[in-house]
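The next block holds one structure in the form of structure tokens; read it before the comments.
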Amino acid sequence: MATALDPHAAIAAKAGGLDDGVLRTADGQRLDRALARSSRAARRRAFFLVAPLLAFIVITFIIPIGQMLYRSVHNDGFSANMPQISAWFAENPVGTDPGEDAYAALSADLLASAEARTIGVVGTRINYEMSGTRSLFTSTGRQVRRGIEPPYREALLGINDDWGDPELWGAMRNVSTPYTDGFYLASIDRTRNAEGKIVQVEEHRRVYIMLFLRTLWLSALITGLTFLLGFPVAHLLATLPMRRSNLLMILVLLPFWTSLLVRTTSWMVLLQQQGVVNDILVWLGVIDDQGRLQMIYNQMGTIIAMTHILLPFMILPLYSVMRTINPSYVRAARSLGATSWTAFRRVYFPQTLPGLGAGALLVFILAVGYYITPALVGGSSGQLISNMIAEHMTGTLNWSMAAALAAILLGGVLILYWIYDRLVGIDNLKLG
Amino acid sequence: MALPSYASPLERIWHWSYLVICGLIFFFLIAPIIIIIPLSFNAEPYFTFTDAMLEFRPEGYSLQWYDELMTFGMGQPEAPRDASWLADMWANAKWVNAAKNSIIIGICSTLLATVLGTLAALGLSRPEMPFRRIIMATLISPMIVPLIITATGLFFFYSSACVPQGSWAYRLFGVFLSNSGCVANTYLGVILAHATLGIPFVIITVTATLIGFDQSLNRAAASLGAGPRRTFFKITMPLILPGIISGALFAFVTSFDEVVVVLFIAGPEQQTVPRQMWTGIREQISPAILAVATLLVLFSIALLTTVELLRRRSERIRGVTPS
């Protein structure tokens, strides 16, 4: 024990009758191991408390979202029902002219698929790539069932000229594998042409990039508006005496606690052409009865209603940061000769930045994913990308497309969430 | 916020205009919520104040839209209001049914979210919790991920989450599943989804309460011979109860106000109040919507009051002077 620095350890080691230079617990076990074991047990206990919820969230949330992401790259509507022509595409590189063998494979598949009544699925799948082709498949399927003779090329071209269209063959090649990036390409208004090159879709079908940009732009605008409206209010609440500010705080918290649909409804009621706001403007003589303003069912409706709905999410983080700002800094700046504007700009405002960042990120994240409010008050010019996802889910039933759009939106939101966690920390998220 | 006595005239002007601006913003926040209350008593099917209402003539006001809430969708709404009328209302009136569904789904999902969320928050607040940050981020994510994405994912998941009829699983869980044995279009599905959405709120509020919790109280209880369970129910739980309750209220409101997921995964059986409102607004908007909205505003006032009282109580318990 010549090297023992801790006299107690030396005594303990002597008392235990063990003299190998290792610290031991009273019952003679190695101290480092006992410590490791007990901290392992503590970690396990903590984890066991979290485990049920973690399992729950994984099953009811993470797996469904993962499944959705899978669906955005996987669609075997064509390849599973048209195996022979899919095999032909796999064997022959892009640019091969479809010969008699290709047409024979196609006819056999069309026949099998029409017999199995899956030709509708096949047609729908190819229709996503090239609109207007669904009926080509279903009608040809009907004719093929009545029987066709070789040569198949002439037979199919005899049924419909479109079977010679290189565009159609390009589209069939695109869908001949179960895994596809086609829906992601479509989400950015791109497609593969007959030569397999990525090109923009026709001008009148370019909607998605425009919608993504509009979503970003409107969300940024709404974030800016909530900042402009929220900052003075948060500042007032933070500087008033506690009793009065708590009273005013109710005016912020009540909208926060009020149902989203109630608030959207009241904006519909207020802003419609025969609504209260227009009535007041007519009564004041600002506008005449014929010139009632269209303030809803357009972008303006979306902007007004969403600004109102998201404003508390800006005020609350700003307020909680502003409460902690020491007023003597501003006083010191003033006493050193700064004007009140300079003192605000150089001393006060920089200190509010953490709250501003938290609020702005939160509002932006929430705005990007909004669905209900734009759907109700947005008209056609106030729709966001969420509305397009819903449209594909319930309207066109192009679920893979909905999944691809949702995946892109999800990616964006997760990046913002990661930034939020970095800058603010989710632990610091405050409610009410 | 008081103006110092040496303030220049310009500063005075700015100060007062600042207060006016703040007043206008407060008006913007609160006016849309308040305005629908008088409008819901409109005698005419309009969404604006009639002359009779503005002159406070009694014939301008009526309770007809509240009456419609109780009768909408009934077999014989005009029948004399006796026991059979009440039974008819209880069974058939659409808004009454929607309210029943909302409450059932809300309570079940809140219970689930609160129990699981509180346990997890207890674990997460222990200093020895491994991978704390990433687990926390995962558990909070249902709040951040846009509802439309959650709804899309759940739609695919629930319609594929089926058990074959006649299997042991169907015999065991069949009552919770739809006729085809799937989770889609069932109360179970909606409850699970709403619990998922409510969990982040429980975790956030309970974790916030636990930050101020003095761990030495637990050690004291243990040193006096209490087991972990006894310590939890006698010491920890009463102290963090305000946080748990306000988390539960948040979860309940989330469920009570949720429409996107319900639209995607619920069947006609699971009509909730927000979904009924959504249908009502989309198809032909009747002032009955305003009556519902008014009731919901009163409901949120009650909730706000409860949460505020809980917050003060929690601060008092923790020794912070209530403000």
Side-chain angles (χ1 to χ4, degrees), chain A residues 39 42-43 46-47 49-50 52-54 56-57 60-61 64-65 67-68 71 229 232-233 236 239-240 242 246 251-255 257-263 265-267 269-270 274-276 279 308 311 365 369 371-372 376 386 389-390 393 402 406 409-410 413 417 421 426 429 431-432, chain B residues 1 11 18 21-22 25-26 29-30 32-33 35-36 39 47-48 116-117 119-120 122-124 126 128-130 135-140 142 144-149 152-154 156-157 192 196 199 201 204-205 207 250 257 259-260 274 277-278 281 289 293 296-297 300-301 303-304 307 323:
Chain A
S39 77
R43 273 213 302 276
F47 187 75
L49 286 171
V50 182
L53 182 61
L54 199 58
F56 182 79
I57 291 283
T60 62
F61 188 74
I65 297 231
Q67 211 180 21
M68 181 200 80
R71 194 178 279 261
L229 296 178
V233 165
L236 182 72
T239 46
L240 278 180
M242 226 20 174
N246 269 344
L251 301 182
V252 179
L253 288 178
L254 183 60
W257 277 92
T258 303
S259 161
L260 183 77
L261 275 165
V262 170
R263 289 192 272 167
T265 313
S266 36
W267 280 114
V269 167
L270 279 172
Q274 302 301 323
V276 177
D279 278 356
H308 178 251
L311 189 48
I365 290 177
Y371 164 60
I372 291 292
L376 288 175
S386 303
I389 298 175
M393 287 299 291
L409 179 60
L410 179 67
V413 168
Y417 181 35
D421 188 27
I426 27 172
L429 200 62
L431 302 162
Chain B
M1 205 47 221
E11 279 178 336
Y18 170 70
I21 290 170
C22 285
I25 299 170
F26 278 121
L29 269 168
I30 208 76
I33 295 168
I35 203 108
I36 49 176
L39 280 176
F47 291 100
T48 187
L116 290 174
L119 277 181
L122 284 170
L124 283 169
R126 294 196 175 190
E128 59 272 10
M129 180 67 204
I135 289 180
M136 186 86 170
T138 311
L139 298 182
I140 304 288
I144 300 295
V145 170
L147 278 172
I148 190 81
I149 295 178
T152 307
L154 287 178
F156 294 137
F157 183 64
L192 290 179
T196 309
I199 276 164
F201 296 98
I204 289 172
T205 47
T207 313
F250 266 111
D257 191 27
V259 52
V260 185
M277 274 186 93
W278 165 266
I281 298 170
I289 296 283
L296 287 178
V297 168
S300 50
I301 290 175
L303 282 173
L304 174 62
V307 171
S323 44

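All chains are named by letter (A, B, ...) in the order of the sequence lines, taking the proteins before the strands, and each is independently numbered beginning at 1.
- Proximity to chain B is limited to the side chain of A:Leu270, based on heavy atoms less than 4.5 angstrom apart.
- Heavy atoms only, all atoms of each residue included: B:Ala120 and A:Val50 are closest at O-CG2, 3.6 Å.
- Looking at A:Gln67, the atoms closer than 4.5 Å to chain B (heavy atoms on both sides) all sit in the side chain, from C-beta outward.
- Among B:Ile135, B:Val145, B:Thr196, the residue making the largest number of heavy-atom pairs under 4.5 Å with chain A is B:Thr196.
- For chain A, the nearby parts of B:Met129 are the backbone and the side chain; heavy atoms of each come within less than 4.5 Å.
- Here the CD1-CH2 distance, from B:Ile36 to A:Trp267, works out to 11.5 Å after rounding to the nearest 0.5 Å.
- Within the model, atoms CH2 of B:Trp278 and OG1 of A:Thr265 stand 11.0 Å from one another, a figure rounded to the nearest 0.5 Å.
- Interface remark: of the candidates A:Val252, A:Ile365, A:Leu54, A:Leu251, A:Leu251 forms the most heavy-atom pairs closer than 4.5 Å to chain B.
- The choice from A:Ser266, A:Pro52, A:Ser386, A:Ser39 that makes the most heavy-atom pairs within less than 4.5 Å of chain B is A:Ser266.
- Residues A:Ile372 and B:Val260 meet the side-chain proximity criterion, which asks for heavy atoms closer than 4.5 Å.
- For the pair B:Thr138/A:Phe61, no side-chain contact is recorded, criterion being any heavy-atom separation below 4.5 Å from C-beta on.
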Verify side-chain contact (heavy atoms from CB on, under 4.5 Å) between A:Val276 and B:Leu39, making sure each step is shown before the conclusion. CA-CA 10 Å; A:Val276 177; B:Leu39 280 176; 4.2 Å; yes
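- For a residue to count as touching a neighbouring chain, one of its non-hydrogen atoms must lie under 4.5 Å from one of that chain's; by this rule A:Arg263 touches chain B with the side chain only.
- Checked by atom type and distance alone, the side chain of B:Tyr18 pairs as donor or acceptor with a backbone atom of A:Leu236 at under 3.5 Å.
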Let's go through A:Trp257 and B:Phe250 carefully: what are the C-alpha distance in whole Å and the side-chain angles of both, what is the deciding distance for side-chain contact (heavy atoms from CB on, under 4.5 Å) to 0.1 Å, and is it a yes or a no? CA-CA 9 Å; A:Trp257 277 92; B:Phe250 266 111; 3.5 Å; yes
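- Smallest separation of non-hydrogen atoms from A:Val262 and B:Val297: CG1-CG2, 3.8 Å.
- Ranked by non-hydrogen atom pairs under 4.5 Å with chain A, the options B:Leu139, B:Leu296, B:Leu192 are led by B:Leu139.
- The two residues A:Pro255 and B:Leu29 make their nearest non-hydrogen contact at CG-O, 3.6 Å.
- Residues B:Met277 and A:Leu261 are in side-chain contact: their nearest non-hydrogen atoms beyond the backbone lie under 4.5 Å apart.
- In this structure, the portions of A:Leu409 lying under 4.5 Å from any heavy atom of chain B include both its backbone and its side chain.
- Atom CD1 in A:Ile65 sits 11.5 Å away from atom CZ in B:Phe156 (nearest 0.5 Å).
- Atom CE of A:Met68 and atom OG1 of B:Thr152 lie 6.5 Å apart (nearest 0.5 Å).
- Among A:Ala390, A:Pro64, A:Gly369, the residue with the largest count of heavy-atom pairs under 4.5 Å with chain B is A:Pro64.
- Within the 4.5 Å cutoff, the side chain of A:Ile57 has heavy atoms near those of the B:Ile199 side chain.
- A distance of 3.5 Å separates OG1 of B:Thr48 from CG of A:Asp279, quoted to the nearest 0.5 Å.
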Evaluate the criterion side-chain contact (heavy atoms from CB on, under 4.5 Å) for residue pair B:Phe26 and A:Val233; output intermediate values, then yes/no. CA-CA 8 Å; B:Phe26 278 121; A:Val233 165; 3.6 Å; yes
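- The closest side-chain heavy-atom distance from B:Ile148 to A:Ile389 is below 4.5 Å.
- Within the 4.5 Å cutoff, no side-chain heavy atoms of A:Phe47 are placed close to those of B:Glu128.
- The candidate from A:Val413, A:Leu254, A:Leu410 with the greatest count of non-hydrogen atom pairs under 4.5 Å with chain B is A:Leu254.
- Evaluation of the ring-ring contact (aromatic ring centres under 6.0 Å, His included) rule for A:Phe56 yields no partner, not counting sequence neighbours.
- With a 4.5 angstrom heavy-atom cutoff, A:Leu311 touches chain B only via side-chain atoms.
- Taking all atoms of both residues into account, the shortest heavy-atom contact from A:Thr258 to B:Ser300 is OG1-OG, 3.5 Å.
- Both the backbone and the side chain of B:Leu154 come within contact range of chain A, each with at least one heavy atom under 4.5 Å from a heavy atom of that chain.
- Contact of the A:Leu260 side chain with the B:Val259 side chain is not registered, since no non-hydrogen atoms from C-beta on lie closer than 4.5 Å.
- Nearest heavy-atom pair across A:Pro232 and B:Cys22 is O-SG, 3.6 Å.
- Listed for the A:Tyr417 side chain is a donor-acceptor partner under 3.5 Å among the backbone atoms of B:Ala137.
- Contacts of B:Leu122 with chain A are made by both backbone and side-chain atoms, with heavy-atom separations under 4.5 Å.
- If you measure heavy-atom distances from B:Ile35 to chain A, the contacts under 4.5 Å come from the side chain alone.
- Interface check for chain A: of the options B:Leu304, B:Ile301, B:Leu303, B:Leu147, the most heavy-atom pairs under 4.5 Å are formed by B:Leu304.
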